[in-house]
Amino acid sequence: KPTLSKHLFSGVGHMLTLVLSAVLCQANCDLASIGRTPLTDFLPGETYLGLYAGGLYPDGHNSPPRDHAREGIRSSRKVFPRGPNGVSDPENGKIVLLSIGMSNTHQEWCGCHETSGGCQGEPCNEWTAMPQIQALAGPSVVVVNGSRGGHAALEWMQPDHEIWAWVEDELAAKGVFPRQVQSIWLKLANKQPTIPMPAQDSDAVVLMARLAEVLRVAKAKYPHLQQCFISSRTYGGYAATTLNPEPYAYESGFAVKWLIAHQIDQLAGDPPDPNVGFLGLGVAPWIAWGPYLWTDGVEPRSDGLVWLCEDVNQNDGIHPSMSGETKVADMLVEFFTESRFTGWLSD
């Protein structure tokens, strides 16, 4: 689990809006594969760059270790209807499932037309995750879109950034309150990455550290937050810009894998890594993978997933098209309705 020695707040000068409208580009449909193995498909003994094992969790596994899974079950039992003050209210209380993320996250979760006022008054596209999960959820569950274009990991890790006030407005528009937020889907990246693995200050390492800070900020904002399910980027080979191309989209999966491994180690009694910080429960929520979204372009992974050029916006090759939004939404709906850690969804 690499750690970070510098550059946590670096790259401010490279900030770009995630929605690029000033310059029309063209998706690079020729780069239909980069020859990388999805984390979920590593064979025993296989490594990335000869250094990094695959699997979503330690020791090459795609499921959390037994003790971490038990903690996840305990976290799910702490998710129940709460009133605006966070106190249990079985009759009138709410459970808020919130997304946090950037423009891709916004599109896959809801996809409504963004304005300066967010999505208030705008229905989500029916093929995206949020309306489908809401339709399958119990009466106490309220699904909220807190993700927003132009706001990547650097913005979210700042507790005083305007994005957090914007999310509070989104909660209020749904008639719910911060103390009712109990579960989050998180998907973030760095803008304009430039340093690939295995550098000790690679963008994957920077992203890992930033995600850790986002978790602590979210727990402080939402004191009853119990769980956070994290996804990394979809395939970035079609990118027509330097916003978040390959190999950085692929390597963001290692950032999530390392982050979760740090919490697993800390809950087992290991001291916090000074560059990642404390991830103990109470300061951070319990964390685990949400759906793993990356596959090597047109090369099917073991479950058959492919990411075609038609799955991305043809003007930038980064953001999903309608078919891409649908693919991710389908994985999110399956995850939240079938995970052993989200039994509260249909209660």
Side-chain angles (χ1 to χ4, degrees), residues 1-20 98-109 145-167 184-197 199 201-222 225 228-234 236 239 241-263 273 275-277 279 284-285 287 289-290 292-294 318-319:
K1 302 183 296 300
T3 58
L4 179 63
S5 59
K6 58 181 177 178
H7 303 313
L8 184 58
F9 283 91
S10 68
V12 178
H14 297 289
M15 292 296 97
L16 290 176
T17 303
L18 285 176
V19 179
L20 300 175
L98 175 70
S99 72
I100 283 180
M102 52 199 180
S103 53
N104 292 58
T105 318
H106 162 82
Q107 287 184 242
E108 295 150 357
W109 191 251
N145 178 38
S147 45
R148 191 178 188 189
H151 294 73
L154 183 65
E155 287 82 9
W156 285 97
M157 65 181 284
Q158 301 174 55
D160 296 327
H161 197 281
E162 55 86 21
I163 188 61
W164 292 104
W166 181 86
V167 175
I184 283 176
W185 176 54
L186 174 69
K187 180 186 173 186
L188 286 167
N190 294 330
K191 300 175 185 177
Q192 301 293 104
T194 58
I195 306 176
M197 295 165 58
D201 57 351
S202 70
D203 279 277
V205 174
V206 172
L207 178 59
M208 173 189 65
R210 289 177 174 174
L211 290 175
E213 190 60 27
V214 173
L215 291 170
R216 288 186 286 267
V217 172
K219 182 63 176 178
K221 301 281 185 184
Y222 312 124
L225 175 62
C228 183
F229 301 102
I230 312 176
S231 295
S232 57
R233 288 260 299 119
T234 50
T241 77
T242 58
L243 188 57
N244 200 276
E246 296 295 351
Y248 307 103
Y250 174 67
E251 292 180 353
S252 71
F254 285 93
V256 176
K257 172 187 169 79
W258 296 333
L259 177 71
I260 296 171
H262 273 294
Q263 187 181 66
D273 182 278
N275 295 309
V276 177
L279 292 171
I287 57 176
W289 276 94
Y292 177 64
L293 307 177
W294 195 92
I318 288 283
H319 296 91

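No hydrogens, no waters, no symmetry mates; every other heavy atom, side chains included, goes into these values.
Across P159 and M157, no two heavy atoms sit closer than the pair CD-O, 3.4 Å. Across all non-hydrogen atoms, the minimal contact from V256 to S232 is CG2-CB, 4.1 Å. The two residues M208 and L259 make their nearest non-hydrogen contact at O-CD1, 3.7 Å.
Side-chain atoms of Q107 do not come within 3.5 Å of backbone N or O of H319 as any donor-acceptor pair. Using modelled atom types, one side-chain atom of Y248 and one backbone atom of T194 make a donor-acceptor pair closer than 3.5 Å. Not a single donor-acceptor pair under 3.5 Å links the side chain of K187 to the backbone N or O of S99. Looking at E155, its side chain does come within 3.5 Å of a backbone N or O of A152 through a donor-acceptor pair. Checked by atom type and distance alone, the side chain of K257 never pairs as donor or acceptor with a backbone atom of W289 at under 3.5 Å. The backbone N or O of I260 sits nowhere less than 3.5 Å from a side-chain atom of H262 that would complete a donor-acceptor pair. Counting only distance, with no hydrogens or angles, the side chain of S147 and the backbone of G101 share no donor-acceptor pair below 3.5 Å. Proximity of a side-chain donor or acceptor of D203 to a complementary backbone N or O of P193 within less than 3.5 Å is not detected. Between the side chain of E162 and the main chain of W166, no donor-acceptor pair closer than 3.5 Å is present.
Scored by the side-chain contact (heavy atoms from CB on, under 4.5 Å) test, P247 finds R36, Y48, P196, E251 as partners (sequence neighbours excluded). Partners of W185 by ring-ring contact (aromatic ring centres under 6.0 Å, His included), not counting sequence neighbours, listed by chain and number: W109. With sequence neighbours left out, the ring-ring contact (aromatic ring centres under 6.0 Å, His included) criterion links F229 to F335, F336. The side-chain contact (heavy atoms from CB on, under 4.5 Å) search around A189 returns M102, R233, N244, not counting sequence neighbours. Partners of Y222 under the ring-ring contact (aromatic ring centres under 6.0 Å, His included) rule, at least two apart in sequence or in another chain, do not exist in this structure. Shown here are the side-chain hydrogen bond (donor to acceptor under 3.5 Å, both in side chains) partners of W156, two or more places apart in sequence or in another chain: there are none.
Taking CG from L98 and CG from L186, the interatomic distance works out to 10.0 Å, rounded to the nearest 0.5 Å. Put simply, CG on L188 and CG on L211 are 6.0 Å apart, with the number rounded to the nearest 0.5 Å. Distance CG/N104 to OG1/T234: 6.0 Å, rounded to 0.5 Å. Taking CD1 from I100 and SG from C228, the interatomic distance works out to 7.0 Å, rounded to the nearest 0.5 Å. Here the straight-line distance linking atom CZ of R210 with atom CG of N190 works out to 4.5 Å at 0.5 Å rounding. For the atom pair CD1 of I318 and OG1 of T241, the computed distance is 5.0 Å after rounding to the nearest 0.5 Å.
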task = Check the pair E246 / W294 against side-chain contact (heavy atoms from CB on, under 4.5 Å), numbers first and verdict last.
result = CA-CA 11 Å; E246 296 295 351; W294 195 92; 2.8 Å; yes
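Using a 4.0 Å cut-off between charged side-chain N and carboxylate O, E213 and R216 make a salt bridge.
Between W258 and F254, the ring-plane angle classifies as tilted under the 30° and 60° cut-offs.
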